[in-house]
Every structure is written in C-alpha cells, then in structure tokens.
Number of protein chains: 2
Amino acid sequence: MLARVSSTPAFKRLPRAVREQQMLDAAVKVFSRRGFHAASMDEIADDAGISKPMVYAYLGTKEELFVACLHREGTRMMQAIAGAAAPDLPADERLWRGLRAFFGFVGAHRDGWAVLYRQARGEQPFAGELAAMRARMVEVVAGMLDHALRAEGREVAEAELEVVAYALVGATESLADWLADHAEADPEKTATRMMNVAWVGAAQLLQGTTWRPPAA
Amino acid sequence: MLARVSSTPAFKRLPRAVREQQMLDAAVKVFSRRGFHAASMDEIADDAGISKPMVYAYLGTKEELFVACLHREGTRMMQAIAGAAAPDLPADERLWRGLRAFFGFVGAHRDGWAVLYRQARGEQPFAGELAAMRARMVEVVAGMLDHALRAEGREVAEAELEVVAYALVGATESLADWLADHAEADPEKTATRMMNVAWVGAAQLLQGTTWRPPAA
DNA sequence: GAGCATACCTACTCGTGCGTAGGGTTACGC
DNA sequence: GCGTAACCCTACGCACGAGTAGGTATGCTC
C-alpha cells in the first residue's frame with residue numbers, strides 16, 4: 001500500500017502550468033499517432049512522465065483533453081499566420097506571407113497538424129470546432145480575393161467568391177498533408193508552389209476568363 | 001434456450017450475396033455516422049436486420065468489414081469516373097466529365113464519401129489504402145494536364161506537374177466535403193465551379209505565367 | 001513548526017463491445 | 001423422405017480502457 005519509501009522521490013514536483021504543457025505535448029503526440037479512440041489515457045500519462053489521475057485532475061476527461069489539444073494547436077497556427085500577414089500589405093504579399101507561415105508551421109508541427117486535421121475531422125464531437133476554424137480561413141481568403149479584384153475595378157458575386165476560396169483552402173490543406181507526410185520536403189518551396197496555383201490561377205480566373213459547360 | 005418456436009420465422013432466409021450487400025450497406029451507413037471506433041458491430045448487425053455472428057461469418061472482423069466497405073465504395077467511385085471520362089476525348093472534355101461524374105457520385109453517396117475520406121484518413125490501418133487511391137487520381141489528373149500542355153507545345157517538369165495535380169485533387173476533395181455537408185447543393189453546379197478553378201486557373205498558370213517569391 | 005494547499009501516487013471499479021461457442025431450422029440434391 | 005449444407009440465432013467470455021477512491025509527501029504561509 002505504501003507508495004514509496006520516503007527517501008528520494010524519483011519524480012520531480014513541478015508547477016501546474018509546466019505539467020499541463022507536458023501533458024498536452026504528450027497528448028498531441030499520442031493522439032496524432034494513434035487517433036482519438038485508439039489513444040489511451042494511460043499511454044498519454046506515461047508519455048508525459050506522470051500518472052493518470054494527474055491528467056484527469058488538470059485537463060479533465062479524454063474528450064476535454066482532446067479539445068484542449070485542438071485549441072492549443074489551432075491557436076498557435078492562427079497566430080503564426082496572423083503574425084506574418086499584416087493587413088496593411090498588398091493582397092499578393094499578404095497571401096504569400098500567410099502561406100509561407102502556414103507551411104512553415106505545418107513543417108515544424110507535423111503532429112499538431114495531424115491532430116487538427118486528420119483526427120478532429122473524423123470524430124463528430126470535434127468536427128464543429130474544426131469547421132469553424134476552417135470557415136474563418138475561407139473568409140480571410142475570400143476577403144483577399146475580393147479586395148484584390150475591387151482594386152482592379154471588377155466585382156464578383158459573394159457566393160462565387162466563397163466557393164473559389166473554399167477550393168483554394170482545400171488545395172492548401174492537401175499540400176499541407178503532403179508536406180506532413182514527406183519529411184524531406186521543403187516548406188518554403190511548397191508555399192511557392194501553392195502561391196502559384198492560388199494567385200496566378202485564381203486571379204486570372206476571376207479577372208474574366210470563365211469556363212462554361214458544353215451545351216450537350 | 002429455445003430460439004424461436006418453429007412456426008413462422010420472422011426473418012427471411014436470403015442467399016449470401018444478398019445479405020453481404022445488406023451488411024455492407026448498413027456498415028457504410030453506421031461507420032459514416034459514428035466513425036470507425038464508435039461504430040459497434042451490434043449496431044451494424046442490427047441495422048442490417050441480422051445477428052452479429054452472421055456479420056463475422058460473412059465479412060470477418062471489424063477491420064476487415066471496414067476494408068470491405070472501403071473497397072466497395074472506392075471501386076464504385078472509380079468506375080463512375082472512369083465510365084464517364086473516355087480516354088479518346090479532348091482533355092478539357094475528359095476533365096469536365098470526370099468531375100461531373102465525381103460530384104454526382106458524392107452527391108448520391110454522401111455516406112460512402114464520409115466513410116472513404118473522413119474516416120479512413122484518420123485511422124492508421126486504412127490510411128494507406130486511401131493514399132493509394134488518391135495517388136491514382138493525382139496521376140490521372142497530372143496525365144491530363146501533361147497531355148493538354150504537350151498539345152500546345154509546352155513542357156513542364158514532372159515533379160512540378162504532380163504538385164499542381166495534388167493541389168487540384170485536394171481542392172476537388174474539399175468541394176466534395178462541402179457538397180456532402182450541404183444537402184441543398186447541386187452537384188452539377190459544384191462541378192462547374194471546380195472546372196473553373198481547375199481548367200482555367202491551372203492551364204493558364206502552366207502556360208507560362210509564374211509567380212516568384214519576392215527577393216526579401 | 002503547525003497548518004494547509006498543492007503535487008503526486010497505487011490500485012481499484014465497472015461499463016462497453018469484440019469475437020465465439022454451441023445449437024436450431026430450412027432448402028436442396030438424390 | 002432423408003442427409004447434408006447453408007442460414008441464422010441466443011447467450012455468453014473476456015480484455016481493455018475510462019474514470020475514481022483514498023492516501024502520501026512536499027513546500028509555503030504566518
């Protein structure tokens with residue numbers, strides 16, 4: 001029953017704030033490797049170098065823990081992007097910096113990205129949270145496009161704009177996935193490629209050239 | 001202990017092939033609603049109007065069952081696309097028909113799409129299967145772009161082409177997700193929008209206009 | 001240095017859900 | 001009409017993992 005003879009405790013006592021971050025680190029790692037359901041609280045606790053009840057005491061149930069991961073990683077990503085893309089720059093410059101920051105983040109936080117996009121998406125309880133974040137990004141991209149077009153005296157229906165923005169965000173996520181899976185890939189180069197597809201392609205399109213389905 | 005008084009069996013005896021399809025239908029439905037882990041074999045069996053041991057007898061373990069779902073839905077989708085996009089058509093026509101068939105399929109099989117993309121992606125055991133399918137699509141799209149460009153006398157490095165194709169496939173999946181979530185959305189219209197982004201945008205880009213990162 | 005909050009543990013309970021044992025009934029060939 | 005194979009069931013065993021009970025040690029305040 002006696003836990004440990006009171007001589008030299010093998011573990012260090014650390015302040016709550018520190019342990020919480022360690023736990024989140026471990027949780028993100030394990031969730032991203034195993035997936036939400038397959039991950040066990042025991043493994044997470046173990047990986048954090050702590051016992052399970054501590055995790056429950058600090059971060060709550062498994063679902064709450066996952067949400068906390070989602071929140072931390074999502075906030076970090078958003079901050080990385082927002083910090084890079086100052087709103088007073090011209091649209092193409094903003095887009096470029098935003099993309100570079102984004103791919104940089106994904107390259108440096110592959111685990112976080114996996115949690116965010118590969119896991120959260122499949123599990124109902126969290127899909128909403130994710131969708132909201134994505135909606136914000138679509139809005140930002142649509143805003144950029146709109147701004148750039150107005151500057152050239154053109155105007156496009158909002159719905160149309162949003163769909164294009166949606167497609168661009170999807171393309172970006174897709175390349176991010178690719179990046180996360182290829183350790184040797186260069187974030188900067190990937191960002192350049194995406195910039196090509198997004199800026200040159202979409203701007204061209206919205207400037208006037210339109211494809212229409214054949215009569216048949 | 002006696003199962004049922006031998007008078008009128010409440011269930012029909014059906015040949016294996018039929019029951020298997022019913023089970024798969026139920027499995028796709030339940031997996032897409034709950035996710036792989038949260039789905040229970042009991043619920044699937046129940047939904048199929050059959051008892052659990054039958055599912056094990058015909059389709060094997062839960063993992064095997066999921067793979068079977070993946071296989072059926074994936075094959076159906078590929079066939080729908082391949083059947084529409086005959087290889088002797090011009091590239092833009094092929095792309096258009098392929099996209100229309102794809103979005104038509106997603107619109108008609110929202111459950112299947114959810115299983116395929118939202119679930120399979122998160123769970124390690126199936127991610128590979130999915131990645132292979134996606135790789136085939138990327139290859140096809142890259143082939144189309146390449147063909148169209150050669151016809152106009154231009155040539156592009158294969159790696160570059162593949163990344164663009166990857167982005168386009170990602171954009172398409174993204175719109176498919178959007179379509180699956182919006183019951184009121186029109187597949188045909190969505191296909192037209194994607195066609196705009198893909199054909200006009202990408203072709204334009206690959207024809208010469210290129211964006212390059214600023215010196216800073 | 002007594003009291004109290006905080007950090008931390010081991011060792012459970014208990015539900016849930018996969019997979020199976022063991023057996024019953026209908027159709028079909030011969 | 002009789003075996004035998006194909007269908008189909010109810011009712012479990014059993015492992016795994018979420019969450020908790022109950023207790024110990026350490027540092028900080030006064």
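Letters A, B, ... mirror the listed sequences (proteins, then strands); counts begin at 1.
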Next item on the list: Report the distance from atom CD of A:E64 to atom C1' of D:dA18, rounded to the nearest whole Å.
Entry: 13 Å

Notebook entry, point to check: Rounded to the Å, how far apart are A:I50 CD1 and C:dT10 P?
Noted result: 10 Å

Margin query: Ignoring hydrogens and geometry beyond distance, is the side chain of A:R13 in donor-acceptor contact with the base of C:dT6 at under 3.5 Å?
Written below: yes

Notebook entry, point to check: Is it the case that B:Y117 and A:R121 place a side-chain donor and acceptor less than 3.5 Å from each other?
Noted result: no

Next item on the list: Starting at atom CG of B:L59, determine the distance to atom P of C:dG19, rounded to an integer number of angstrom.
Entry: 13 Å

Notebook entry, point to check: Below 4.0 angstrom from OP1 or OP2 of C:dT6, is there any side-chain N or O of A:Y58?
Noted result: no

Checklist line | Lys NZ or Arg CZ of A:K62 over A:F36 ring: under 6.0 Å, within 45° | finding: yes

Item checked: Interatomic distance where CZ belongs to B:R34 and C1' belongs to C:dG17 [whole Å] -> 14 Å

Item checked: Any donor-acceptor N or O pair under 3.5 Å, side chains A:Q79, A:R76 -> no

Check nucleotides 12-17 of chain D against the protein and report each pair of N or O atoms closer than 3.5 Å, with its distance, or say if there are none.
none

Checklist line | Distance test, side-chain N/O of A:R19 to OP1/OP2 of C:dT6, below 4.0 Å | finding: no

Margin query: Output the rounded distance in Å from CD (B:E20) to P (D:dA6).
Written below: 14 Å

Margin query: If you only use heavy atoms from C-beta on, which nucleotide in C:dG19, C:dC8, D:dC9 is closest to the side chain of B:T61?
Written below: C:dG19

Next item on the list: Please determine, for the side chain of B:L14, which listed nucleotide (D:dC8, D:dA21, C:dA7) has the closest atom?
Entry: D:dC8

Notebook entry, point to check: What integer distance in Å separates A:L65:CG from D:dG19:P?
Noted result: 10 Å

Margin query: So, using side-chain contact (heavy atoms from CB on, under 4.5 Å) as the criterion, who are the partners of A:V163 when residues are at least two apart?
Written below: B:L175, B:R193

Next item on the list: May I have the distance from B:Q22 (atom CD) to D:dC7 (atom P), rounded to whole angstrom?
Entry: 13 Å

Margin query: Side chain of B:Y56, heavy atoms from C-beta onward: which of C:dG19, D:dC7, C:dC8 has the nearest atom to it?
Written below: C:dG19

Notebook entry, point to check: Can you check whether B:G107's main-chain N or O pairs, donor with acceptor, with B:R110's side chain at less than 3.5 Å?
Noted result: yes

Notebook entry, point to check: A:E93: what forms a salt bridge (Lys or Arg N to Asp or Glu O under 4.0 Å) with it, not counting sequence neighbours?
Noted result: A:R97

Next item on the list: Could you state the atom-to-atom distance from CZ of A:F66 to C1' of D:dA18 in whole Å?
Entry: 17 Å

Notebook entry, point to check: Below 6.0 angstrom between ring centroids: does that apply to A:F102 and A:W113?
Noted result: yes

